[in-house]
Amino acid sequence: GENVEQHPSTLSVQEGDSAVIKCTYSDSASNYFPWYKQELGKRPQLIIDIRSNVGEKKDQRIAVTLNKTAKHFSLHITETQPEDSAVYFCAASDRGRRALTFGSGTRLQVQP
Amino acid sequence: DTAVSQTPKYLVTQMGNDKSIKCEQNLGHDTMYWYKQDSKKFLKIMFSYNNKELIINETVPNRFSPKSPDKAHLNLHINSLELGDSAVYFCASSRRRVQGNTEAFFGQGTRLTVV
């Protein structure tokens with residue numbers, strides 16, 4: 001089955017800096033890669049996703065890049081703000097699998 | 001209106017008891033899931049249902065039994081609760097497309113504590 005590895009497990013940045021979180025996946029059939037943000041005590045919520053026919057996608061301060069050959073995908077957050085502090089999860093799934101396989105999460109702390 | 005709602009939000013119970021968690025979605029999605037989030041925050045799929053049919057059962061002890069009476073509901077019943085069952089359980093739903101999975105919407109979670 002699919003295996004998703006996520007790094008780093010914790011990340012501390014100064015407000016205004018950029019943050020990058022990286023994931024690798026094992027199943028070359030995976031074609032959908034969402035990123036979720038989970039604030040303390042809350043539910044995971046989608047912040048951005050990308051499909052395998054696209055190499056990069058951007059939404060304001062958030063961007064995701066995908067390298068299918070290397071089976072890597074990354075989340076980039078620019079101009080970080082204290083409200084970006086949360087746990088971020090990457091995930092992957094293929095056309096046939098009816099569920100997401102999640103990475104282990106990255107706790108992002110943005111210092112004011 | 002809440003898209004995916006699950007009840008209860010908190011559940012404290014003794015070892016050996018049987019308990020249920022209910023989930024409902026009003027998004028018209030055809031696929032529903034149960035995920036378990038442990039104390040280290042790992043999110044792991046337990047079950048997936050598509051149009052009331054069990055699609056995924058990820059090596060979960062058979063003390064856990066999901067039931068989907070219709071497309072909008074997926075309940076989780078747990079027998080003989082153990083200390084290790086303590087976790088946050090998330091229900092989620094999504095819509096299947098030809099190209100594959102789409103965004104999964106999560107419920108608010110049920111924090112189960114077994115004492």
Side-chain angles (χ1 to χ4, degrees), chain A residues 1-6 8-11 21 23 25 27-54 57 59 64 66 68 86-109, chain B residues 2-6 9-10 23 25 27 29-60 66 68 71 74 88-111:
Chain A
E2 176 65 275
N3 182 46
V4 178
E5 295 195 356
Q6 181 172 348
S9 57
T10 60
L11 180 58
I21 303 170
C23 288
Y25 61 98
D27 189 349
S28 56
S30 287
N31 65 349
Y32 177 61
F33 307 93
W35 286 87
Y36 282 80
K37 176 183 180 182
Q38 186 178 26
E39 296 176 351
L40 190 62
K42 301 285 181 66
R43 73 191 78 192
Q45 290 192 291
L46 181 79
I47 54 171
I48 195 167
D49 56 10
I50 192 168
R51 293 198 180 273
S52 57
N53 57 349
V54 175
K57 185 176 178 181
D59 182 4
V64 57
L66 171 65
K68 280 180 58 179
V87 179
Y88 290 81
F89 292 95
C90 62
S93 75
D94 63 32
R95 195 187 310 272
R97 182 165 170 76
R98 303 291 180 99
L100 298 171
T101 300
F102 283 88
S104 52
T106 296
R107 185 176 299 278
L108 174 65
Q109 184 74 38
Chain B
T2 304
V4 182
S5 61
Q6 55 183 107
K9 188 170 181 182
Y10 300 98
C23 180
Q25 54 96 3
L27 297 167
H29 289 165
D30 53 4
T31 306
M32 295 186 72
Y33 315 86
W34 279 109
Y35 282 88
K36 179 180 180 180
Q37 187 170 45
D38 62 22
S39 57
K40 294 184 179 178
K41 299 297 185 185
F42 292 128
L43 265 169
K44 191 166 166 52
I45 183 70
M46 300 174 68
F47 301 103
S48 169
Y49 270 74
N50 179 255
N51 285 322
K52 302 195 301 176
E53 181 186 351
L54 180 65
I55 302 298
I56 291 176
N57 180 343
E58 287 284 310
T59 60
V60 177
S68 181
K71 275 174 45 173
L74 180 62
V88 179
Y89 293 84
F90 283 101
C91 175
S93 72
S94 68
R95 188 188 306 279
R96 285 287 293 173
R97 299 267 187 225
V98 170
Q99 66 266 39
N101 282 319
T102 58
E103 176 182 359
F105 289 79
F106 284 81
Q108 73 270 34
T110 295
R111 182 175 294 277

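Residue numbering restarts at 1 for every chain, and letters A, B, ... go by the order of the sequence lines.
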Contacting moiety of A/P34, where chain B heavy atoms sit under 4.5 Å
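No part of it gets close to chain B.
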
Could you look at B/L43 and say if it's the side chain, the backbone, both or neither that has a heavy atom under 4.5 Å from chain A?
both

In terms of heavy-atom proximity below 4.5 Å to chain A, should B/Y35 be classed as side chain, backbone, both, or neither?
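For B/Y35, the contact with chain A is made by the side chain alone.
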
Between atom CZ of B/F106 and atom OH of A/Y36, what is the distance when rounded to the nearest 0.5 Å?
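Here the rounded value is 5.5 Å.
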
List for me each residue that meets side chain to side chain donor-acceptor pair (under 3.5 Å) alongside A/Q38, sequence neighbours excluded, and say none if there are none.
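With neighbours one apart ignored, the set is B/Q37.
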
In terms of heavy-atom contacts, B/F42 and A/S104 come closest through CE2-CB, 3.0 Å

What one should report as the nearest heavy-atom pair of B/I45 and A/L100 is CB-O, 4.4 Å

If you look only at pairs with a residue in residues 28-50 of chain A, which of them pass as a salt bridge (charged side-chain N to carboxylate O under 4.0 Å, His left out), with sequence neighbours excluded?
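Residue pairs with at least one partner in residues 28-50 of chain A: A/K37-A/E39, A/D49-A/K57.
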
Between A/G41, A/P44, A/G103, which has the largest tally of heavy atom pairs under 4.5 Å with chain B?
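Between A/G41, A/P44, A/G103, the count favours A/P44.
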
